[in-house]
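To start, the structure under review is shown below, and the notes come after it.
Computed from a prediction, not measured in an experiment: that's the story for all the values here.
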Amino acid sequence: MVSVFTDACRRKETEYTPVWFMRQAGRYLPSYRRLKGTRNVLDIAKDPELASEAVVSAVHELGVDAGIIFADIMLPLEGMGVKFRIEENIGPVVSSPIRSLEDVSELRAFDSERDAGDVYDGIEETVRKLDGTPLIGFSGAPFTLAGYLIEGSPDRELHRTKAMMYGDPDVWEALMRKLTSMTKSYLHGQIEHGVDVVQIFDSWVGSLSAADYSRYVLPYTREIIESVGRNVPTIHFCANSGSLIEKFRSTKADVLSVDWRMDIGDVWRRCKEKVAVQGNLDPVVAAVGGKAMKRETDEILRRARNHRGHIFSLGHGILKETAPENLREIVKIVHKTTRLRP
Ligand code: CP3
C-alpha cells in the first residue's frame, strides 16, 4: 500500500516527513500497562486480539505514520527449541546458551506457520484495525540474535560472541546459517500476511570493526535483504553504527536507521544520497521534553532538510519514563515544520 511512510522509504517526494518510534507500544504508555497487566510480552504477541490492540492504541494515541507489529526479536527462536524468558529491565535470558557445534545442531529448523502462525494472525488483525496506516514487520538480524543465544543474558560487550566468531568460525557459520534461514522465512511469512515494510534489528553489531563486519556478518544480512526483494522496503537498524555506514549501504537496505551519535546529514553524504535515513533523536531528549526537545528536533530537521527520504524517529527505543505527551509533541513539530517547507 502506498503511504507517506513507504514513499519516504523509497526516497519519493512526500508532503511531510513521516514519524514513528521504536518501542512505541511499550511500558511508557498507560494503555499498554493496562493491557499488559501481569502478562509477559510473548503472551501478548501470540494473542492476535491483544497484539493488534497494543499496536493500534499506540498509533492512535501518538498520531504516528506507521505501526510496528507487536512481537519480540526472540519470539521465532522458541519454535527452534530455545528456552528463554524476558526479564523486566534486563531483557532476554537464555537457559542453555549456545557454545558448541552440538548446541547449534540441536536447534530445530524454523517452520514458519507452526512457529509464527499466531504472529501472522495478529498481523492480519492489525492490518484490518489500522485501516490504511502502514504496518512494519521486523526480525532480529542473525548477529544480534546470535549475541543473545551465545551470551545467555544481555551483555553489550559480546565477548563470548566475538570469541566464537574469531575462534570457532565453523560453529559461527553453522549458527549464522540457521538464523539467516529462519529470518528469511519469518520475514516472508510476515510479508505474505500483510506487512508493508520490514525492519531488521541488528542492534548490537556496532561492536564490530568494518572489516570484521564484512567478513562475519555482511554476507548473511545481504542474503536476507536480497531475499525480501524489491516489493517491500527494508530498514536496517543498528546502534552505534558510525564506523559501519558504508557497509550497511552495501546490504542494499532501502533505509538506514541510525542513533543520535551521528550527524544524520552525514549518512546521506557518505552514501552519495542513495539511501533513505531514519532517526535520530536521543531517547533521553524525548524523555526530558520541553525546550531541549524542541531544539534538538528542529536541529535534526535542519540537518535532514536538503536530503530526500527522511523518516523521523528516535535513535533507539522509547525510555519507559517518557511522557506520551512529549512524543505527541514531536510528531506535531515534525509534521508542521516539514509541511510548511517550500
Ligand atoms: O512497539 C514496539 O516496538 C513493540 C514491539 C517490540 C518489542 N521488542 C516488544 C517488547 C520490538 C520491535 C522489540 C524488538 C527488540 N526486542 C529488540 C530490537 C530493538 C532494540 O531495542 O534494539 C531487542 C534487542 C529486544 C530484546 C528485548 N526485549 C529487550 C532488550 C527488552 C527490554 C527489557 C526491559 O524490560 O527493559 C525486551 C522486552 C520487551 N519487548 C518489551 C516490549 C514492549 C518491554 C517489556 C514488557 O512490556 O514487559
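- Using a cut-off of 4.0 Å between Lys/Arg side-chain N and Asp/Glu carboxylate O, D47 and R39 are scored as not salt-bridged.
- Salt-bridge check for K332 with E329: failed, with every basic side-chain N at 4.0 Å or more from each acidic carboxylate O.
- Among L281, I300, D259, the single residue meeting the side-chain contact (heavy atoms from CB on, under 4.5 Å) criterion with I264 is I300.
- L107 and V93 are assigned to two separate hydrophobic clusters, defined by single-linkage of ILVMFWY side chains at heavy-atom distances under 4.5 Å.
- Between E151 and K162, no side-chain nitrogen of the basic residue sits less than 4.0 Å from a carboxylate oxygen of the acidic one, so the salt-bridge criterion is not met.
- The closest side-chain heavy-atom distance from D7 to V4 is not below 4.5 Å.
- Residues I150 and I90 do not share a hydrophobic cluster, defined by chaining ILVMFWY side chains whose heavy atoms lie under 4.5 Å apart.
- Closest approach of A287 to E321, counting heavy atoms only: CB-CG, 4.4 Å.
- Side-chain atoms of E296 and W260 include no donor-acceptor pair closer than 3.5 Å.
- A salt bridge links E125 to R128: at least one charged side-chain nitrogen sits closer than 4.0 Å to a carboxylate oxygen.
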Can you list the steps and then say if D155 with R160 is a salt bridge (Lys or Arg N to Asp or Glu O under 4.0 Å)? CA-CA 10 Å; D155 177 350; R160 282 182 189 272; over 6 Å; no
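- Judged as a side chain to side chain donor-acceptor pair (under 3.5 Å), the pairs with a partner in residues 131-144 (not counting sequence neighbours) are, in order, T144-D202.
- Two residues are said to be in side-chain contact when any heavy atoms from C-beta on lie closer than 4.5 Å; I224 and L187 meet this criterion.
- Between L77 and M182, the closest side-chain pair of non-hydrogen atoms falls below 4.5 Å.
- The shortest distance between side-chain heavy atoms of L179 and L149 falls below 4.5 Å.
- A salt bridge does not link D115 to R108: none of the charged nitrogens lies less than 4.0 Å from a carboxylate oxygen.
- One finds no salt bridge joining E78 and K83 here, because no Lys/Arg side-chain nitrogen approaches an Asp/Glu carboxylate oxygen to under 4.0 Å.
- Side-chain contact, Y166 with W172: no donor N or O sits under 3.5 Å from an acceptor N or O.
- Side-chain contact of S52 with K129: a donor-acceptor pair under 3.5 Å is present, judged by distance alone.
- Salt bridge status for E226 with R222: absent, with no side-chain N to carboxylate O gap under 4.0 Å.
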Given side-chain contact (heavy atoms from CB on, under 4.5 Å), test R23 with Y32 step by step and report yes or no. CA-CA 11 Å; R23 289 271 164 85; Y32 174 78; over 6 Å; no
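- Here the side chain of H307 pairs no donor or acceptor atom with the backbone of D266 at under 3.5 angstrom.
- Side chains of Q199 and Q278: a donor-acceptor N/O pair is present below 3.5 angstrom, by distance only.
- For CZ of R215, the number of neighbouring non-hydrogen atoms (other residues, nucleotides, ligands) closer than 6.0 Å is 12 at most.
- Side-chain atoms of S257 and H236 include no donor-acceptor pair closer than 3.5 Å.
- You'll find the side chain of V197 stays beyond 4.5 Å of the side chain of T234, heavy atoms only.
- Looking only at side-chain heavy atoms (C-beta outward), I318 and F21 come within less than 4.5 Å of each other.
- Judged purely by atom type and a 3.5 angstrom limit, N40 uses its side chain to pair as donor or acceptor with the backbone of D43.
- Heavy-atom neighbours of R156 CZ from other residues, nucleotides or ligands within 6.0 Å: at or below the threshold of 12.
- Both L175 and F110 are members of a single hydrophobic cluster when ILVMFWY side chains are connected at heavy-atom separations under 4.5 Å.
- Side-chain atoms of S112 and Y120 form a donor-acceptor pair, as typed in the model, at a separation below 3.5 Å.
- Counting heavy atoms from C-beta outward, L62 and W20 have side chains that stay 4.5 Å or more apart.
- Nearest heavy atom pair, residue V119 against residue L75, reads CG2-CD2, 3.6 Å.
- The closest side-chain donor-acceptor pair between T6 and S3 falls under 3.5 angstrom.
- Ion pairing between a basic and an acidic side chain is recognised when a charged N comes within 4.0 Å of a carboxylate O; E246 and R270 show such pairing.
- Using a 4.0 Å cut-off between charged side-chain N and carboxylate O, D298 and K294 make a salt bridge.
- Under a hydrophobic-cluster definition in which Ile, Leu, Val, Met, Phe, Trp and Tyr are linked whenever side-chain heavy atoms come within less than 4.5 Å, directly or via other members, I191 and F5 are assigned to the same cluster.
- Side chains of S207 and E157: no donor on one and acceptor on the other come within 3.5 Å.
- With hydrogens and angles disregarded, a donor-acceptor distance shorter than 3.5 Å links the side chain of R328 to the backbone of E61.
- No option in R230, K12, K274, R11 other than R230 meets the salt bridge (Lys or Arg N to Asp or Glu O under 4.0 Å) test with D254.
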Should E299 and R303 be marked as a salt bridge (Lys or Arg N to Asp or Glu O under 4.0 Å) after you check the CA-CA gap, both sets of side-chain angles, and the distance that decides it? CA-CA 6 Å; E299 181 58 22; R303 290 176 170 168; 3.2 Å; yes
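- In this structure, F248 and Y213 have perpendicular ring planes: the angle between them is above 60°, well past the 30° mark.
- The number of heavy atoms from other shown groups lying within 6.0 Å of CD (E113) is above 12.
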